Undergrad: 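One structure coming up, written as structure tokens, with questions to follow.
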Amino acid sequence: MQAHAEQESSDDESGTGFELVVNSVSEDVFSNVYVKEEFEALFSSYGTHAQFRYVPKYHRVFVLYLLASQCVAAEKELHGFCFEEQELQVSKLKQPSSNYWLRAPRKRKDFLISPPISPPTDGAVGGNISVASLALQAAIATLGGAGSSFELHPGNDELQHPKIVVTQD
């Protein structure tokens, strides 16, 4: 590995730094001091002021660089690099913007989507079908005593529609 010269430009500099996440790190990096020094030397070759945070439980290391160019170069060349018989998974950590905590939370879509109604079994789609006929309700309300009747629907002999009559016994 060759040492990379630090390039300073106004586009790359930032007060927060640029961070890499290194996954699939060998257990030896966390337990053996010499292996840890080799690991740090490998990543420090891209930036002399690299800082390291170790997370042994997840076999993960966070590497902080001062310049974006250092971060990009390290990611490009070390992703998939085999270190201590482990292939390193190196990726940039996405930094939230400075006003991230001040923004309103995202809106949720809180509505239910009901499935479409099923068609009738005979395949024909019904027309105007009312559940409670207002005419029927009016007929029941106007019925008097026993024996009274009310014609709801007149019959039609040509179409063979019977008439509908409500009677009270």
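All values derive from a computational prediction rather than experimental measurement.
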Undergrad: Say you draw a straight line from OG of S91 to CG of N23; how long is it, rounded to the nearest 0.5 Å?
TA: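 Rounded to the nearest 0.5 Å, the OG-CG separation comes out at 6.0 Å.
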Undergrad: Report the residues that fulfil side chain to side chain contact (heavy atoms under 4.5 Å, CB included) with E87, sequence neighbours left out, ordered by chain and then residue number.
TA: Q89
Undergrad: Any chance you could lay out the side-chain contact (heavy atoms from CB on, under 4.5 Å) test for V22 and F39, step after step, and finish with the verdict?
TA: CA-CA 11 Å; V22 185; F39 181 83; 4.1 Å; yes
Undergrad: Applying the 4.5 Å side-chain criterion to the ILVMFWY set and letting contacts propagate, would V21 and Y58 be lumped into a single cluster?
TA: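 Linked within one cluster.
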Undergrad: Can you list the steps and then say if V55 with F62 is a side-chain contact (heavy atoms from CB on, under 4.5 Å)?
TA: CA-CA 8 Å; V55 186; F62 294 92; 3.7 Å; yes
Undergrad: If Ile, Leu, Val, Met, Phe, Trp and Tyr residues are connected whenever their side-chain heavy atoms lie under 4.5 Å apart, and connections chain through other members, are V35 and L42 in the same group?
TA: yes
Undergrad: Using distance alone, with no hydrogens and no angle criterion, decide if Q51 and Y65 have a side-chain donor and acceptor under 3.5 Å apart.
TA: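 Per modelled atom types, Q51 and Y65 side chains form no pair under 3.5 Å.
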Undergrad: Would L20 and F81 show up in the same hydrophobic cluster when neighbours are defined by side-chain heavy atoms closer than 4.5 Å?
TA: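 Yes, L20 and F81 fall within the same hydrophobic cluster.
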Undergrad: Among all residues two or more places apart in sequence or in another chain, which pass the side chain to side chain contact (heavy atoms under 4.5 Å, CB included) test with K163?
TA: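 In terms of side chain to side chain contact (heavy atoms under 4.5 Å, CB included), with neighbours along the sequence ignored, K163 is linked to E151, V165.
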Undergrad: For K92, what residues pass the salt bridge (charged side-chain N to carboxylate O under 4.0 Å, His left out) criterion, not counting sequence neighbours?
TA: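 So K92 forms a salt bridge (charged side-chain N to carboxylate O under 4.0 Å, His left out) with E75.
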Undergrad: Compare every heavy atom of F18 with every heavy atom of L67, then report the nearest pair and how far apart it is.
TA: C-CD1, 3.4 Å
Undergrad: At their closest point, which heavy atom of S24 faces which heavy atom of L88, and how far apart are they?
TA: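 Shortest heavy-atom contact: O-CD2, 4.0 Å.
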Undergrad: Going by side chain to side chain contact (heavy atoms under 4.5 Å, CB included), name the residues that satisfy it together with N156, two or more places apart in sequence or in a different chain.
TA: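 Applying side chain to side chain contact (heavy atoms under 4.5 Å, CB included) to N156 gives E158, L159, H161.
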Undergrad: Could you measure the distance from the CD atom of E77 to the OG atom of S45? Nearest 0.5 Å is fine.
TA: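 Spacing of CD (E77) from OG (S45) equals 8.0 Å.
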Undergrad: Can you run down the salt bridge (charged side-chain N to carboxylate O under 4.0 Å, His left out) pairs that involve residues 42-67, sequence neighbours left out, and say none if there aren't any?
TA: E19-R53
Undergrad: So, does T48 use its side chain to make a donor-acceptor pair with the main chain of S44 at under 3.5 Å?
TA: no
Undergrad: Who are the side chain to side chain contact (heavy atoms under 4.5 Å, CB included) partners of E38, not counting sequence neighbours?
TA: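 Per chain and number, E38 pairs via side chain to side chain contact (heavy atoms under 4.5 Å, CB included) with F83, E84.
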Undergrad: Using the six-membered ring wherever Trp is involved, compare the ring planes of F52 and Y54 and label them parallel, tilted or perpendicular (cut-offs 30° and 60°).
TA: parallel
